[in-house]
Colleague: 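Here's a structure for you.
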Amino acid sequence: MPEKPTLDGLEDRWARVWEDEGTYAFDRTATREQVYSVDTPPPTVSGSLHVGHVFSYTHTDIVARFQRMRGKHVFYPMGWDDNGLPTERRVQNFYGVRCEPSLPYDPDFTPPEKPGKQQVPISRKNFVELCETLTAEDEKAFEELWRRNGLSVDWSHGYQTIDARARAISQRAFLRNVERGQAYVSMAPTLWDVTFRTAVAQAELEDREHTGAWHRVAYHGSDADVFIETTRPELIPACVALIAHPDDERYQPLFGTTVRSPLFDVEVPVLAHPAAEMDRGAGIAMCCTFGDLTDVQWWRELDLPNRTVINRDGRLLRETPEWITSELGRQRYEELAGATVHTAKERIVALLTESGELVGDVRPVTRPVKFFEKGDKPLEIVSSRQWYIRNGGRDAAVRDEMIARGQELQWHPGYMRHRYEDWVRGLNGDWLVSRQRFFGVPVPVWYRLDADGEVLPDEVLTPADDALPVDPSTDVPAGFTVEQRDVPGGFTGDPDILDTWATSSLTPQIAGLWSIDDDLFSRVFPMDLRPQAHDIIRTWLFSTVLRSHLEHDTLPWAHAALSGWILDPDRKKMSKSKGNVVTPMGLLEEYGSDAVRYWAAGGRPGVDTAFDRGQMKVGRRLAMKLLNASKFILGVGVPAGEPDLTAVSMPLDRALLARLTEVVEKATTALDGYDYAVALEATEQFFWFFCDDYLELVKSRAYGEFDEAGRDSARATLAAALRVLQRLFAPVLPFVAEEVWSWWQEGSVHRAPWPDIHELATSAEADPQVLEVASDVIGSIRRAKSEQKLSIRTEVESLSVQAAPAALEALRAALADVRAAGRVRDVELVVSADGELVTTVGDPTG
RNA sequence: GGGCGCGUAGCUCAGCGGAAGAGCAACGGCCUUACAAGCCGUCGGUCGCAGGUUCGAAUCCUGCCGCGCCCA
């Protein structure tokens, strides 16, 4: 035990010991019943860790440490999410390269020293290698931070969402979905981001207010003009029908007739459909392929032709469409060909004005428009071939199964289930899993080519299971040769990759090495806990439940613990752009890891929490107090080994242990229910009381100033209480708890058994009142001294206590301790009629 | 527009049917043989507003107001 205990350096010292001794190593011989397994969220490595990460990962670690102390074999791996757009963009900028999947792999490629102005095109395999190089460096820094933060992770069970095993598992699960008909390929209108040039899934959408303008435009009927209002006049060449509500009397006479479009003079039908809103615009809408999702619905349900004019690059088709037949119409289209949506709109408005078919003023309007969450241009809808996984969006039976899974799952806090159910109920299509990007897990299929070299989308070639992972852009399907790639009669690789969530949704399988090490998998799956943030319930949580449901017909885990966010002092979600970035490492260094963990532990499950340095200071104080209190108690001289509770003979000591037993019970129940905050609060509150009142009361007796029995009773109580307290604090304050435990106990506190409510049982029944009254009276004495501005050491001439007989009886049992602690000479105990405890302190100076 | 959560002391938050709580801050003290990075004490609240249920409401119900998140 050091002379002057300090918190400095504890992190490095103990992190090293834990690593050397394998304190958190998972015992893979343990059976599933003995295991507690955690589906750790793999942090995205292409950024930097944020205070919010420290916050939520600490919550998980507290639970993991608690379960370990309860005797579970904790499977607590760490993964890295290095698969997806953020990494791709970072690599492009960092090395000045871009992925060109048609290029062959160059094994000798080295990236330019400095990124040049022109990005160097490289093969997908080379690109992926660069991603791996760059993310490996980030991962090292992340691991160092997590170790310093005290996460009790078994680092030998790490994974990357882009590593070969993860790719194999992701492709295998996908191919098995394909085999069972749970995944399918389909040519369909797809939400498309023109900036990223990729399809976007429902889960990646967000509505944003977007400014547009109503344009009143004339279509020409046989008798009269029909006026529609549109915010997207540039889609007039893509118009396939005008549509009004069946009950709309204004348009009923027109149903079944045709009109001719302005500028292009294309004939389109006027149709009825209930999705048309009578009170919106003119009440009659033009249906284009495709302006929005309602257009898609009309196109499907009314069996309309596809006249798409917008390309995947967000520009209008360069060739004039065949359905525009009039000479003037074709001339006008040529003025728009190849223009961006924005430019096309300007030109078409000019043309409409010129032709007189634009009526009245253009009226500005702000309305919600769909965006890719990472994009900054409104999404277009294009037709393309994509892969989907059935998720209940088009199948009521699957949807009901998914809702049932949500009800089976135990949510912490419980109300988070609503988010899940809302999402499942609101699904309106299957899960689009193919993405037109480069860095990710390739869609593991090829297609046959016909004699003209056209893709035969129904002739899907899949790899053998033992060939996984594959990259169809470089690997060749069985029965074909390299020379047959992209030639008529040969094959072509699917150029796409899988949605990042299609891999992340398999983290339990990846961490547990499903299909690679099935022995391990059977010991950890289904897992116990998925900890995660509440904003990705619709993506990560839902998709993981879905994949597990489809592959294993089970929930992936029994519990989901949702953590809140960290808010800055303005009650806004903390973000880098706000200029209040705090680096986690800086915090850990400034306050100490235990102190930061203490702050994190104060954030209730699911509750957004303010970033609060004050709480970190309090945490540091608590850690310091634990050092000092431990040093003091051990310095007084406590018996070695297991505390001998038969020596606990004094009523005050028994009452103390009884109260601590209640704390153990409360903390245990709370942690069993994932409420680390309540557990910490109960422990902490007791601990301060223990230090400030109990320690002060028994100090003299423990020193041996009275008799031997009293001394031994105090020492045994102190030892027993300290041993319990150090363990109660261990999950939240792992470093300081390990330090003080090491002063007098064998082994790691983190491998010690969690305190049991029976271990503090004494031979005789405890009277809690003894502790309460003694504490009250010593408080009164201190108050009297403080009010008279006297030293706490000042002797008190006389003390008079009025109370009910039972309270006086209780006080009598601890009177020697009270007198010693308060330095009281004479005491008078008076039975009071009303039972109220009144303490009168005689003039201490007298 | 729908769903969920939250409005309690200057601040951060507990409490969720039986006398309004903690920590921080503020203020006043105390060198006390573990800790002055400590300790003791004091001050501080119409529990968002309005109704209702109840012997009793911060707590349950209804309606408003405000904030946040999720989804349209």
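All chains are named by letter (A, B, ...) in the order of the sequence lines, taking the proteins before the strands, and each is independently numbered beginning at 1.
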Colleague: Give a yes or no on whether a donor-acceptor pair under 3.5 Å exists between the nucleobase atoms of B/G29, that is its base, and the side chain of A/Ser791.
Modeller: no

Colleague: Applying a 4.0 Å non-hydrogen cut-off, can you work out what A/Ile537 is touching in the nucleic acid: base, sugar-phosphate, or nothing?
Modeller: nothing

Colleague: Less than 4.0 Å between a side-chain N and a carboxylate O, is that true for A/Arg232 and A/Glu380?
Modeller: yes

Colleague: Assign the ring pair A/Phe632 / A/Tyr703 to parallel, tilted or perpendicular, where the plane angle (0 to 90°) is split at 30° and 60°.
Modeller: perpendicular

Colleague: Consider the side chain of A/Ala610, meaning its heavy atoms from C-beta on, and name the nucleotide among B/C39, B/C70, B/U12 that approaches it most closely.
Modeller: B/U12

Colleague: Would you mind checking if A/Arg825 and A/Glu797 are paired as a salt bridge, meaning a charged N to carboxylate O distance below 4.0 Å?
Modeller: yes

Colleague: Can you tell me how far C1' in B/U54 sits from the matching atom in B/U12, rounded to whole Å?
Modeller: 34 Å

Colleague: Under a 3.5 Å cut-off for both contacts, is B/U59 paired Watson-Crick or G-U wobble with anything, and if yes, with which nucleotide?
Modeller: none

Colleague: Output yes when at least one side-chain N/O atom of A/Arg604 is less than 4.0 Å from OP1 or OP2 of B/C13, else no.
Modeller: no

Colleague: Assign A/Lys625 to base, sugar-phosphate, or nothing according to its heavy-atom contacts below 4.0 angstrom with the strands shown.
Modeller: base

Colleague: Taking only the side-chain heavy atoms of A/Ile792 (C-beta and beyond), determine which of B/A14, B/C69, B/C30 contains the nearest atom.
Modeller: B/C30

Colleague: For the rings on A/Phe55 and A/Trp599, is their centre-to-centre separation under 6.0 Å?
Modeller: yes

Colleague: Is there a side-chain polar atom (N or O) of A/Arg621 under 4.0 Å from OP1 or OP2 of B/C39?
Modeller: yes

Colleague: Starting at atom CG of A/Leu622, determine the distance to atom P of B/A22, rounded to an integer number of angstrom.
Modeller: 18 Å

Colleague: Contact class for A/Glu696 (heavy atom, under 4.0 Å): base, sugar-phosphate, or nothing?
Modeller: base

Colleague: Does the structure show a Watson-Crick or G-U wobble partner for B/G10, both distances under 3.5 Å? Name it, or say none.
Modeller: B/C24

Colleague: What does A/Trp599 touch in the nucleic acid at a heavy-atom separation under 4.0 angstrom: a base, only the sugar-phosphate, or nothing?
Modeller: nothing

Colleague: Going by purine N1 to pyrimidine N3 plus the second Watson-Crick contact, or the G-U wobble pair, all under 3.5 Å, which nucleotide sits opposite B/C31?
Modeller: none

